Amino acid sequence: IVYGRIDSLFQFVEGIARMPVLRNPEASIQERLAALKKEVAFNEDLHDAGLINKNGTMFTTNGDTISVAQEKWFADAARGKRIITEPVESLTTKKWILTLAMPVYDDNRSVFSVLAMAVPLEWLNRSIEDIVIGKTGYCYMIGVTGNTIAFHEPKYIYTKWNTIQEAKNDPSLSALAVVEKKAITEEHAGYAEYEWQGESVVAGYVKMPKIGWGIIIRAPLKEFMRAV
């Protein structure tokens, strides 16, 4: 379900990347940004957008010009990959966003530029908020780094909480850390039972295809059994 929602957004952005004006080397950056700004206005899931030249200079629809030459997501997109980053604080607006990036090809199928779309963090949180089990069970996500990237308590995202790392100094987190490690390393879905704050908990986990993020849904065992 979650991957389908992310993939749908990718497909929308890919449609924008194929717009003739964005693929036309003769069009000015102002013309391309004007067309891009109109598309952003049509989709409330997009916060901002930008076009990046081969030197890594990004021109945004908000009028900012910044260098992203050192960003891995830019380098990967320039090599032909479609990318979604873990949440970060925007360099320009200081709001928390995810960046979707993909190449823009010219008529010769050469990478002409890179299209980057800023997606509000709230969009990712909304994508999991309706996935519940029992009365208090919930879903959350971790990135390939192990950092929490979607959670009903945003403070864990803002502080880049990483249970796997924290468990190295806090044994009470060890069982949960094992679950989260499996969520981003194992290729098949699984489940586990563990003790959390004196309560038996069951958690299901799966690694998201292509992206590699881990999705975990957990609930007290008694609520899980009642839901089943």
Side-chain angles (χ1 to χ4, degrees), residues 2-127 141 143-144 149-150 154 157-158 160 208 210-213:
V2 177
Y3 179 73
R5 291 169 178 171
I6 293 175
D7 194 55
S8 293
L9 190 57
F10 263 126
Q11 291 178 28
F12 175 80
V13 176
E14 284 173 341
I16 295 175
R18 290 193 294 268
M19 292 173 59
V21 66
L22 297 192
R23 300 173 62 238
N24 180 9
E26 302 301 320
S28 68
I29 187 64
Q30 290 78 15
E31 290 172 320
R32 285 182 277 146
L33 286 174
L36 189 55
K37 191 170 186 176
K38 288 181 181 178
E39 295 299 324
V40 172
F42 284 132
N43 193 319
E44 62 181 11
D45 291 330
L46 300 178
H47 170 65
D48 191 10
L51 291 169
I52 311 165
N53 63 23
K54 292 182 178 181
N55 296 323
T57 301
M58 180 166 68
F59 305 90
T60 77
T61 54
N62 282 338
D64 296 305
T65 301
I66 58 175
S67 175
V68 295
Q70 302 303 314
E71 299 289 345
K72 183 178 183 300
W73 58 262
F74 163 68
D76 288 342
R79 286 195 295 266
K81 296 181 180 180
R82 69 178 197 175
I83 304 297
I84 183 168
T85 69
E86 296 183 16
V88 295
E89 188 177 37
S90 168
L91 294 173
T92 57
T93 66
K94 303 306 179 183
K95 294 183 179 180
W96 280 75
I97 60 167
L98 303 93
T99 298
L100 271 73
M102 62 188 59
V104 177
Y105 295 98
D106 61 21
D107 290 338
N108 296 317
R109 291 298 296 169
S110 296
V111 175
F112 169 58
S113 64
V114 168
L115 171 63
M117 294 284 192
V119 181
L121 171 62
E122 291 78 12
W123 176 85
L124 190 61
N125 280 336
R126 288 199 306 270
S127 72
M141 297 173 62
V144 294
I149 61 173
I157 305 170
Y158 301 148
K160 298 186 177 182
M208 192 179 297
K210 300 181 181 179
I211 299 174
W213 294 348

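The first residue of the sequence shown is numbered 1, and numbering continues consecutively from there. What you see is a predicted model; the values in this text were computed from it and never measured.
Heavy atoms only, all atoms of each residue included: Ala27 and Arg32 are closest at O-NE, 3.4 Å. Nearest heavy atom pair, residue Ala116 against residue Thr99, reads CB-CG2, 4.2 Å. Counting all heavy atoms, side chain and backbone alike, Val119 lies closest to Asp45 at CG1-O, 3.4 Å. Between Thr65 and Phe59 the shortest heavy-atom distance is OG1-CD2, 3.6 Å. When all heavy atoms of Pro103 and Ala17 are compared, the pair lying nearest together is O-CB, 4.1 Å. When all heavy atoms of Trp213 and Thr85 are compared, the closest pair comes out as CZ2-O, 3.5 Å.
Side chain of Arg23 to backbone of Tyr105: a donor-acceptor contact under 3.5 angstrom is found. Within the 3.5 Å criterion, the main-chain N or O of Asn55 finds a donor-acceptor partner in the side chain of Asn53. Between the Asn108 side chain and the Ser110 main chain, no donor and acceptor come within less than 3.5 Å of each other.
For the pair Glu86 and Val144, the minimum side-chain heavy-atom distance is below 4.5 Å. In this structure, the side chains of Ile16 and Met117 come closer than 4.5 Å at one or more pairs of heavy atoms.
Taken to the nearest 0.5 Å, the CG atom of Leu51 stands 5.0 Å off from the CD1 atom of Ile29. Separating the CG atom in Leu33 from the CG atom in Asn62 is a distance of 10.5 Å, to the nearest 0.5 Å. Interatomic distance, OG1 of Thr61 versus CG of Leu46, reported as 9.5 Å (0.5 Å rounding). Asp7 CG to Met208 CE: the interatomic distance, rounded to the nearest 0.5 Å, is 10.5 Å. Atom CD1 of Ile149 sits about 9.5 Å away from atom CG of Leu121, to the nearest 0.5 Å. From Ile6, atom CD1 reaches atom CD of Gln11 across 12.5 Å, with rounding to the nearest 0.5 Å.
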When you look at Val68 and Val114, which way does the side chain to side chain contact (heavy atoms under 4.5 Å, CB included) test go after all the steps? CA-CA 11 Å; Val68 295; Val114 168; over 6 Å; no
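Ala118 pairs by the side-chain contact (heavy atoms from CB on, under 4.5 Å) definition with His47, Asp48, Ile97, not counting sequence neighbours.
Applying the 6.0 Å contact sphere to CD of Gln70 captures no more than 12 heavy atoms from other residues, nucleotides or ligands.
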